[in-house]
S.K.: 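Below is one structure. I have some questions about it.
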Number of protein chains: 2
Amino acid sequence: MIDMRLLRYFVTVADEGNFNRAAERLHIAQPPLSRAIQQLEAQIGAPLLDRSNRPLRLTAVGRLLHAQAVQILARMEDVETMVKAAANSERRRLVIGFVASTIYARLPELIREFRKTADGVELVMVESTTLDQIAALKDGRIDVGFGRIRFEDPAVRRIILRDEKLVAAFSLDHPLARGEGPISLRDLADEPQIIYPRAPRPSYADQVISLFRDHAIEPRIVHEARELQIAIGLVAAEEGMAIVPESVRRARSHDVAFRELSELATSPIIMSHRSGDRSPELALIAGVIARKYAEWGYDVPTALLEEL
Amino acid sequence: MIDMRLLRYFVTVADEGNFNRAAERLHIAQPPLSRAIQQLEAQIGAPLLDRSNRPLRLTAVGRLLHAQAVQILARMEDVETMVKAAANSERRRLVIGFVASTIYARLPELIREFRKTADGVELVMVESTTLDQIAALKDGRIDVGFGRIRFEDPAVRRIILRDEKLVAAFSLDHPLARGEGPISLRDLADEPQIIYPRAPRPSYADQVISLFRDHAIEPRIVHEARELQIAIGLVAAEEGMAIVPESVRRARSHDVAFRELSELATSPIIMSHRSGDRSPELALIAGVIARKYAEWGYDVPTALLEEL
DNA sequence: AGAAAATCATACCCTGGAGGTATTTCAGTG
DNA sequence: CACTGAAATACCTCCAGGGTATGATTTTCT
């Protein structure tokens, strides 16, 4: 199997396009570097660099390996910091990252329950975007994340807890606020709409936009708010309507009206943690969620039970 | 950075649960193995194994590292075979993997065009599922894949060429076959339906099922055919209806009737290749696709132009 | 074009650490 | 408590990764 060292050397040479500078960056002399690359080429069975003319160019095989090597190295760094962080924490603490909108859902109840169940464990809550959560999980800043974006990262395990219905939010005296029963996306096509958050992509905003596009409707977006609270504020200020998770309804009903959608529109609530993490704290929170979900009549995801 | 060697050793020990057997499997003596693990533990800063009682158990940190290490090792193997395969082919050959249904779409025309454009390149066509294509790309059995399933794999680059409309297929004297204009999914709710393929999951069948579920309809599935041709055959035999890509229409219209769907329902056509592969043959096929798509009036995906 | 500079490869040496053998220490077991 | 199986320790060997000196080639400057 190819050594990490050789990969690191090769990537550095490829990035610098120059053995001398690469050797300097690697804190070794140039000749050993030359030999290392030759060694790697021997292992692969083909030249990785075209040395016939300077500046050095990667061969086709070289480009292929480079693209892969960069990813492997990044992965290895991730794992290393992750594991080291895990090692340096006595771990009677659970740090939870969450996106703002989960606060309107059932998260607070789950947290209360967890504090009751596991009173020996210090609990820390950190607000952060789903994407940040991935990085934070990797380097140990958080242990569990609650988000709404479907992402893929082999180092992180993702459990879809449930799909939350979406509803439309209007200002109180908006014409559409008066109607009874569900409203169709089609009726919202020409309504000025407020989406959030703008960044980072991909975001909940993209989910909403593609929801409309899936029904062949091009939404008329007039505002991109930085976060849910601001979006709701703009709705109340009669700037337009917004599509929000159902749970927001309970949190803010005095100056905003809500109507269900006739189309099936949902946003997932996703729990994530480091794959392979089997700390008792993690099992504990999984247990709390499973118990509470059963109590509330939600389906308990089988993936969640595997964590116990 | 942690050495691959140490990872391999650690994973073997963890899997065997025994230093002696692990050492045997690794073709080294037991003492160097012990030292290697100690070394790794020193680098991490925490014990990975609980040696206080046999059989050995992994510590929490150990479990975490193990889960990650297994993945990194697998990744490295993938890359190695992939790059070696790329090295051992002079590469005036392009092997294309495709799922059956793309044959009904524009793929044949693209292939014809490619043969004309690049007559020095031997072209090989291989039928295989989207999932197989990922593995085949990795170990160099194919260079390009055309499929319909959205997958994620960091070693493979995926370009969504376009979204193809779906249509409903009926037997010629099915009551619904007579109607004019598009038909709604809702009207298909109670129709006996044939889906395909059964395996491997996830498949096109899952796309169709979730299409219905997205509209809060539970499809009534009476058959799971192994592949499209068989499904269409069953439709013709009045076993039920099926949801198929629009392009099938051109291929088989003598004994089957088609109707458009009023809902927006599409299935993507996805081209994939090894990330970092910049072979001229790949650029060539990308160019052919871009040219033909422009000619046909399709949007040319920007991701495709990056390959040129 | 020719000289100078830059850059990579080769030749050769030196040392650390990966692996081997022999032995000791310990945890489970009858 | 003695026995057995298994991991750790002690110590040795030797190769491979790294260093220096220098040669071969390509690039650049005059």
Side-chain angles (χ1 to χ4, degrees), chain A residues 1-63 65-66 69 72-73 76 80, chain B residues 1-63 65-66 69 72-73 76 80:
Chain A
M1 181 165 299
I2 297 176
D3 197 345
M4 285 306 255
R5 186 182 58 93
L6 291 182
L7 281 193
R8 246 182 43 237
Y9 287 6
F10 170 61
V11 168
T12 312
V13 170
D15 289 348
E16 289 289 343
N18 179 309
F19 277 70
N20 289 301
R21 277 200 302 278
E24 202 170 329
R25 258 185 54 189
L26 291 165
H27 306 293
I28 62 170
Q30 169 262 318
L33 221 201
S34 283
R35 274 197 335 219
I37 302 298
Q38 287 169 21
Q39 220 170 298
L40 184 58
E41 286 175 323
Q43 251 183 81
I44 302 292
L48 299 168
L49 296 163
D50 175 17
R51 296 157 166 92
S52 65
N53 45 4
R54 256 51 71 67
L56 296 177
R57 279 310 304 151
L58 289 177
T59 64
V61 179
R63 276 192 300 270
L65 179 63
H66 179 257
I72 291 191
L73 290 173
M76 183 61 105
E80 215 173 323
Chain B
M1 180 165 298
I2 297 174
D3 197 345
M4 284 307 258
R5 188 181 55 94
L6 291 182
L7 281 193
R8 245 181 45 236
Y9 287 6
F10 170 61
V11 168
T12 312
V13 170
D15 289 347
E16 289 290 343
N18 178 307
F19 277 69
N20 288 301
R21 276 199 304 277
E24 201 169 330
R25 256 184 55 188
L26 290 165
H27 306 295
I28 61 171
Q30 169 262 318
L33 221 201
S34 282
R35 273 193 338 210
I37 301 296
Q38 287 169 24
Q39 218 170 298
L40 184 57
E41 286 175 323
Q43 251 183 81
I44 302 291
L48 299 168
L49 295 162
D50 177 17
R51 297 158 166 91
S52 66
N53 46 3
R54 256 48 74 69
L56 297 177
R57 276 312 303 152
L58 289 177
T59 63
V61 179
R63 275 193 300 271
L65 179 64
H66 180 256
I72 290 192
L73 290 172
M76 183 61 105
E80 215 172 323

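Within every chain, numbering begins at 1; the chains are lettered A, B, ... in the order of the sequence lines, protein sequences first and strands thereafter.
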S.K.: Of the non-hydrogen atoms in A:Pro47 and A:Thr59, which two are nearest, and what is the gap between them?
M.R.: O-OG1, 2.9 Å
S.K.: Using a heavy-atom distance cut-off of less than 4.0 Å, which residues of residues 14-23 of chain A contact DNA chain D?
M.R.: none
S.K.: Are a donor atom and an acceptor atom from the side chains of B:Gln30 and B:Ser34 found within less than 3.5 Å of each other?
M.R.: yes
S.K.: Evaluate side-chain hydrogen bond (donor to acceptor under 3.5 Å, both in side chains) for A:Thr12 paired with A:Glu16, printing each intermediate quantity in order.
M.R.: CA-CA 6 Å; A:Thr12 312; A:Glu16 289 289 343; over 6 Å; no
S.K.: Write down the distance between CD1 (A:Ile28) and C1' (C:dC8), rounded to a whole number of angstrom.
M.R.: 14 Å
S.K.: Between residues 29-46 of chain B and DNA chain D, which residues have a heavy-atom gap below 4.0 Å?
M.R.: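 B:Gln30, B:Pro31, B:Ser34, B:Arg35, B:Gln38 - these, ordered by number, are the residues of the stretch whose heavy atoms sit under 4.0 Å from the strand.
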S.K.: From CG of B:Asp50 over to P of D:dA6, roughly how many Å is that when rounded to an integer?
M.R.: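 About 17 Å, once rounded to whole Å.
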S.K.: Any side-chain heavy atom of A:Gln39 sitting closer than 4.5 Å to one from A:Asp3?
M.R.: no
S.K.: What is the minimum heavy-atom distance between A:Leu58 and A:His66, and which atoms define it?
M.R.: CD1-CB, 4.0 Å
S.K.: Rounded to the nearest angstrom, tell me the gap between atom CD in A:Glu24 and atom P in D:dG19.
M.R.: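 It is 13 Å, rounded to the nearest whole Å.
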S.K.: So which heavy atom on B:Phe10 is nearest to which on B:Leu40, and how close?
M.R.: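 Answer, listing the atom of B:Phe10 first, then B:Leu40: CB-CD2, 3.5 Å.
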S.K.: With rounding to the nearest 0.5 angstrom, report the CE to CE distance, A:Met4 to A:Met76.
M.R.: 3.5 Å
S.K.: Report the distance from atom CG of A:Asp3 to atom C1' of D:dG17, rounded to the nearest whole Å.
M.R.: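 Rounding to the nearest Å, CG of A:Asp3 and C1' of D:dG17 are 11 Å apart.
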S.K.: Write down the distance between CZ (B:Arg5) and P (D:dA16), rounded to a whole number of angstrom.
M.R.: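 Going from B:Arg5 (CZ) to D:dA16 (P), I get 13 Å.
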S.K.: What is the minimum heavy-atom distance between B:Val61 and B:Ala46, and which atoms define it?
M.R.: CG2-CB, 4.4 Å
